[in-house]
Amino acid sequence: MTTLRRALTDPPLPRLPGAAEELLRELDAPPRLAAHLRAVHDAALGVLAWLRAQHPAVPVDHEAVLYGAATHDIGKCLHPAELSEPGSAHEEAGHRLLLARGVPERLARFARTHGSWTEAGTTFEDHLVSLADKVWKAKRVPELEQLVVDRLAGAVPGWQVFMELDDLLTGVAGRADDRLAFQNTYPAAALPR
């Protein structure tokens with residue numbers, strides 16, 4: 001079994017949506033990238049489960065959020081140095097890659113928006129993918145969290161939503177060490193076959 005295949009299938013994290021998993025195989029993605037995408041996808045699953053339970057009336061495109069979490073860094077296949085160094089070239093490159101592979105814009109956009117969630121025109125789903133991309137490793141970003149709280153506050157006071165979200169993110173962040181250990185099990189570069 002290849003290292004990439006193990007990164008895509010080994011326990012304990014949930015597997016990615018089938019189309020995302022297949023795309024990563026076709027691209028011969030670096031194993032570390034596949035592991036990272038599973039870690040962010042796991043965090044997104046937690047956020048979406050909380051939304052279904054606590055805010056079921058809020059419309060959310062669950063499929064888009066899960067696909068976005070599973071592919072947001074796909075451009076790092078083209079810019080592998082950004083797996084271990086800062087950089088944003090992978091964002092636009094990933095968006096173009098997904099579109100070229102026939103992925104609809106509603107799913108491809110997350111590759112471009114996950115790092116630019118403050119820009120005008122970003123959606124609630126964009127914010128949720130960005131949130132999962134931060135909290136999977138226990139990073140908290142107050143400005144991003146406030147965007148989510150603002151979207152959810154309505155019939156429920158904003159302070160109550162903030163406290164609920166804070167409890168959720170603390171719980172999701174509590175598994176960060178396990179996700180980081182899982183990701184770091186896999187090399188940043190694809191290994192020769």
Side-chain angles (χ1 to χ4, degrees), residues 1-10 13-45 47 61-123 125-139 141 144 176 179-193:
M1 181 181 288
T2 68
T3 308
L4 173 58
R5 188 174 207 41
R6 285 190 336 10
L8 288 169
T9 61
D10 278 358
L13 298 180
R15 291 187 59 172
L16 299 175
E21 197 174 287
E22 182 179 328
L23 180 58
L24 290 167
R25 280 195 187 103
E26 288 172 8
L27 294 171
D28 198 24
R32 170 93 33 99
L33 174 60
H36 168 69
L37 293 172
R38 284 183 67 198
V40 174
H41 179 258
D42 179 54
L45 284 167
V47 170
D61 185 342
H62 291 257
E63 177 195 13
V65 171
L66 293 175
Y67 191 86
T71 61
H72 71 282
D73 274 347
I74 196 105
K76 290 183 180 183
C77 288
L78 304 172
H79 296 278
E82 291 184 13
L83 282 166
S84 54
E85 301 168 10
S88 59
H90 72 279
E91 294 169 6
E92 191 58 44
H95 182 242
R96 285 192 309 269
L97 172 71
L98 290 170
L99 291 174
R101 294 270 181 163
V103 175
E105 174 63 24
R106 76 177 252 283
L107 301 176
R109 74 176 192 257
F110 300 102
R112 181 177 38 79
T113 63
H114 73 275
S116 57
W117 44 267
T118 58
E119 291 188 14
T122 54
T123 67
E125 287 81 4
D126 293 314
H127 300 155
L128 295 175
V129 170
S130 298
L131 187 65
D133 190 34
K134 299 299 183 196
V135 76
W136 78 271
K137 61 183 175 185
K139 184 172 183 179
V141 182
L144 176 57
R179 287 188 204 95
L180 283 164
F182 176 81
Q183 175 183 287
N184 292 335
T185 300
Y186 298 97
L191 299 174
R193 293 180 189 208

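Along the sequence shown, residues carry numbers from 1. Please read all numbers here as calculations on a predicted model, not as lab measurements.
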With no hydrogens and no angle check, is any side-chain donor or acceptor of [X] less than 3.5 Å from a backbone partner on [Y]?
X: T71; Y: I74; result: no
X: T122; Y: T118; result: no
X: R32; Y: Y186; result: yes
X: R38; Y: L16; result: no
X: R179; Y: L13; result: no

Exercise. With ring centroids as reference points, do H114 and H95 lie under 6.0 angstrom apart?
Worked result: no
Exercise. Taking C-beta and beyond as the side chain, do W136 and V40 meet within less than 4.5 Å on heavy atoms?
Worked result: yes
Problem set entry | Any side-chain heavy-atom pair of L33 and D73 under 4.5 Å | yes
Problem set entry | Short side-chain donor-acceptor distance under 3.5 Å, R109 and T123 | yes
Problem set entry | Contacts of type salt bridge (Lys or Arg N to Asp or Glu O under 4.0 Å), residue E21, not counting sequence neighbours | R15, R25
Seminar exercise, completed: Those residues at least two apart in sequence (or on a different chain) that pass salt bridge (Lys or Arg N to Asp or Glu O under 4.0 Å) with R106 are D61, E63
Report the distance from atom [atom1] of [X] to atom [atom2] of [Y], rounding to the nearest 0.5 Å.
X: L45; Y: H62; atom1: CG; atom2: NE2; result: 11.0 Å
X: L99; Y: L107; atom1: CG; atom2: CG; result: 10.0 Å
X: Y67; Y: L98; atom1: OH; atom2: CG; result: 5.5 Å
X: T9; Y: L4; atom1: OG1; atom2: CG; result: 9.0 Å

Exercise. side-chain hydrogen bond (donor to acceptor under 3.5 Å, both in side chains) with R112: which of E91, E105, E92, E119?
Worked result: E105
If you compare all heavy atoms of [X] against all heavy atoms of [Y], which two are closest, and at what distance to 0.1 Å?
X: L8; Y: A34; answer: CD2-CB, 3.7 Å
X: A132; Y: A44; answer: CB-N, 3.7 Å
X: F182; Y: A7; answer: CZ-O, 3.7 Å
X: L83; Y: A188; answer: CD1-O, 3.2 Å
X: L24; Y: A70; answer: CD1-O, 4.4 Å
X: K134; Y: W117; answer: CE-NE1, 4.4 Å

Seminar exercise, completed: Per ring-ring contact (aromatic ring centres under 6.0 Å, His included), H36 is matched among H90, H41, H72 by H72
Exercise. Under a 4.0 Å N-O cut-off, is there an ion pair linking R101 with E22?
Worked result: no
